[in-house]
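First the proteins, then the strands, lettered A, B, ... as listed; each starts at 1.
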4 protein chains.
Amino acid sequence: MKNKIIATSIELFEKQGFTETSIQHIVDALDVTKGTFYYYFQSKEQLLMDIHTQYIDDLLHRQQQVIAEYETAKDQLTAMFHLLIQDIEIQGARARVFLREMRHLMDTNSVEVKEKRDEFRLVIEEVIRQGIEAGELLESLDPAITAFAFLSLTNYSYNWFNPHGALTAAQLSDAYSDIFFKGIVKEG
Amino acid sequence: MKNKIIATSIELFEKQGFTETSIQHIVDALDVTKGTFYYYFQSKEQLLMDIHTQYIDDLLHRQQQVIAEYETAKDQLTAMFHLLIQDIEIQGARARVFLREMRHLMDTNSVEVKEKRDEFRLVIEEVIRQGIEAGELLESLDPAITAFAFLSLTNYSYNWFNPHGALTAAQLSDAYSDIFFKGIVKEG
Amino acid sequence: MKNKIIATSIELFEKQGFTETSIQHIVDALDVTKGTFYYYFQSKEQLLMDIHTQYIDDLLHRQQQVIAEYETAKDQLTAMFHLLIQDIEIQGARARVFLREMRHLMDTNSVEVKEKRDEFRLVIEEVIRQGIEAGELLESLDPAITAFAFLSLTNYSYNWFNPHGALTAAQLSDAYSDIFFKGIVKEG
Amino acid sequence: MKNKIIATSIELFEKQGFTETSIQHIVDALDVTKGTFYYYFQSKEQLLMDIHTQYIDDLLHRQQQVIAEYETAKDQLTAMFHLLIQDIEIQGARARVFLREMRHLMDTNSVEVKEKRDEFRLVIEEVIRQGIEAGELLESLDPAITAFAFLSLTNYSYNWFNPHGALTAAQLSDAYSDIFFKGIVKEG
DNA sequence: AATGAATGAGGATTCATTCAT
DNA sequence: AATGAATGAATCCTCATTCAT
């Protein structure tokens with residue numbers, strides 16, 4: 001039941017937004033009553049926190065697998081492009097809720113998620129730093145800014161990329177890898 | 001007064017979000033009454049629409065100036081990086097409201113803003129297309145995807161870039177231009 | 001202008017009801033501003049009072065003409081049936097506002113209109129009383145109840161009679177006169 | 001609780017009118033909170049609809065009983081006079097709300113109630129038609145107009161008849177039957 | 001004679017949450 | 001494990017009215 005509530009909430013939060021989705025909407029969609037909801041969750045925010053925690057923990061775990069599996073910065077970054085963009089198809093709704101509704105977490109919840117989010121970003125930053133040291137990436141790069149650039153490409157794609165359209169997730173992640181690695185300008 | 005309401009609303013919408021900001025909050029901040037608000041705006045959505053229209057119209061206008069002023073795709077894109085990122089300092093709050101709260105517009109409002117947003121994007125797409133034709137940019141590029149990549153970098157920066165921090169807007173737009181034009185990989 | 005406001009208000013009050021019609025509606029329909037309204041009327045209730053006074057004064061005046069013009073109770077009542085029912089065509093909206101919205105008058109206004117309304121009814125009662133004394137009408141009648149019966153027929157017709165339908169006002173007042181004078185039962 | 005809300009609302013709607021009675025008035029009179037009201041009713045209009053439905057359904061049911069119990073048109077109409085006028089004492093407030101506030105129902109609600117109201121009227125029309133065919137009532141009558149005359153007498157009495165005054169309901173319905181059946185004019 | 005800005009109280013409705021059962 | 005009744009604060013919005021100009 002707890003998982004059913006989470007699954008339904010994600011759908012509704014994605015479609016209508018967190019604030020616009022009432023507990024009543026959620027329980028109506030599941031054909032149970034509000035009491036049931038409050039048996040499983042302390043509050044609406046707690047539900048949002050559970051969704052966030054599940055998502056980011058899973059992502060961190062998969063990021064670690066990618067790091068372990070590949071050796072070079074380029075391979076690791078390519079694998080992360082694939083990981084994040086191909087995820088849209090399966091985890092799209094969850095990811096969009098994660099990216100859009102974080103601001104509704106308060107106090108410790110907010111801090112806790114922010115820390116894990118930062119962790120994810122800092123791993124990327126570290127991959128880039130090691131790529132530079134290994135002579136694989138340009139020395140002129142600022143690892144922090146470059147990590148933000150990477151995350152911009154992946155995260156913003158949740159706003160517009162439709163995995164059921166003509167463009168496939170594989171095509172998009174390949175195209176983004178190309179742009180990110182080689183740039184867009186033709187060499188003189 | 002209308003402009004004062006808009007200015008205050010932008011601040012509050014940015015800090016707390018559109019839904020979380022009540023008309024009461026807005027008028028309290030201005031020390032007027034709710035009646036005053038509704039004298040100037042038909043509805044809360046109309047206020048949001050006014051903010052959106054002002055922002056996107058201004059942006060489209062400045063985009064046209066950039067296009068007119070520069071000749072090559074590279075220069076035009078560089079100028080747009082500067083335009084958008086240096087804007088964060090002055091227009092940051094307005095831009096963040098624009099980027100985050102568009103979903104609260106409904107029906108015709110939603111369509112109208114979406115069209116202008118698309119127009120802005122399609123101009124970038126066209127710049128890229130002409131850059132390719134001119135032999136300036138890589139032939140392998142998909143102009144549409146590349147335009148999205150460009151917008152990802154600029155728009156996502158509103159989420160994290162703090163113009164009052166150590167990193168300046170000029171530094172960021174330069175760094176992003178470099179990455180976008182030349183990529184991050186060291187040539188063999 | 002005052003008369004234009006009254007005319008427009010009657011239309012709106014009839015269509016939407018007194019409470020549901022705002023001053024804003026009225027002035028919008030006339031393409032003037034609220035200030036104009038309050039230049040001519042002290043309050044919304046004063047406007048309603050003016051409408052009521054005009055209507056009932058006119059009616060009392062015409063009732064006196066009928067009384068003066070005809071001699072027998074039957075002729076006077078017939079003339080009043082015609083007066084009231086044929087009025088629907090020209091004065092329908094005004095009459096409906098009068099009959100439906102009287103309850104929104106307060107204190108002295110309410111009393112003043114009620115007195116004139118009672119006066120109209122008591123004249124009918126007196127016509128019936130004199131008809132009985134003259135041997136024209138049945139001795140078994142209670143003049144007060146009979147006057148109410150008369151007013152029921154005329155006033156309730158404002159609720160359903162459509163002067164633009166197949167049934168004409170003349171046909172209706174004739175039919176009502178017949179029923180009221182001779183009843184509906186076939187003599188044994 | 002639902003019935004308590006209905007009962008209290010009827011009283012308040014009758015005294016002050018539907019629009020003039022706020023949900024706050026209703027819940028204050030019951031010493032509960034607004035939330036409670038909206039737990040039982042979707043909206044203020046739904047409450048009004050419930051009142052209307054209860055009233056008209058009950059009336060239709062009792063009309064059928066009268067039709068079944070009596071044989072001649074005269075007896076059926078007499079019984080309906082009694083039914084409707086004696087009802088004022090017990091159902092007066094409910095009936096007045098029904099007769100006065102129907103216009104606040106919208107869309108399907110309005111149509112639904114109107115249909116049942118028409119049904120009630122058409123049954124009366126049919127009784128009159130059969131009375132004419134049976135040679136009991138005058139052939140010159142128009143059944144539709146005559147039915148309206150009947151309803152005018154009964155419905156308008158809700159506006160002025162006070163069952164706690166000197167005139168009893170029985171006396172009024174007898175007087176109205178006499179007038180309706182035999183008219184007011186003395187036979188030559 | 002008319003305007004435009006402002007008020008402040010009150011309207012219907014929604015909602016997260018609680019709690020006894 | 002789940003229900004159903006109730007709360008009370010907050011939300012958007014409307015409105016009659018005032019008043020300086």
So, is [X] close to the [N] phosphate, meaning a side-chain N or O under 4.0 Å from OP1 or OP2?
X: C/T33; N: E/dA2; result: no
X: A/Y38; N: E/dT17; result: yes
X: C/T36; N: E/dA1; result: no
X: A/Y40; N: F/dA2; result: yes

Round to the nearest Å and state the distance from [X] atom [atom1] to [N] atom [atom2].
X: D/D31; N: F/dT7; atom1: CG; atom2: P; result: 9 Å
X: B/Q46; N: F/dC12; atom1: CD; atom2: P; result: 16 Å
X: C/H25; N: F/dA16; atom1: NE2; atom2: C1'; result: 13 Å
X: B/I23; N: F/dT14; atom1: CD1; atom2: P; result: 11 Å
X: C/F18; N: F/dC15; atom1: CZ; atom2: P; result: 13 Å
X: C/Q24; N: F/dC13; atom1: CD; atom2: P; result: 16 Å
X: B/L30; N: E/dT7; atom1: CG; atom2: P; result: 11 Å
X: B/F37; N: E/dA9; atom1: CZ; atom2: P; result: 20 Å

Would you kindly compare D/Q42 and C/Y39 by the position of their nearest DNA chain E nucleotide and give the one closer to the 5′ end?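 Per heavy-atom nearest nucleotide, the more 5' residue is C/Y39.
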Residue whose closest nucleotide on DNA chain E lies nearer the 5' end, D/S22 versus B/V32: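 Counting from the 5' end, the first nearest nucleotide belongs to B/V32.
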Under a 3.5 Å distance rule, please check whether D/K116 uses its side chain to pair with a backbone N or O of D/V111 as donor and acceptor.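 Absent.
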Have [X] and [Y] got a donor and an acceptor in their side chains that come within less than 3.5 Å?
X: D/E101; Y: D/H52; result: no
X: D/E20; Y: D/H25; result: no
X: C/D58; Y: C/Q54; result: no

Please round to the nearest 0.5 Å and tell me the distance separating atom OH of A/Y156 and atom CG of B/N159.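 One gets 9.5 Å once the value is rounded to the nearest 0.5 Å.
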Out of E/dT7, E/dA12, E/dA5, which has the shortest distance to the side chain of D/K44? E/dA12
Side-chain-base donor-acceptor pair under 3.5 Å for A/K34 and E/dT17: yes
Once you apply the 3.5 Å cut-off to both distances, tell me the Watson-Crick or G-U wobble partner of E/dA1, or none. none
Give none if E/dG8 has no partner; otherwise give the nucleotide forming a Watson-Crick or G-U wobble pair with it, both distances under 3.5 Å. F/dC15
So what does A/T21 touch, heavy atoms closer than 4.0 Å: a base, only the sugar-phosphate, or nothing? sugar-phosphate
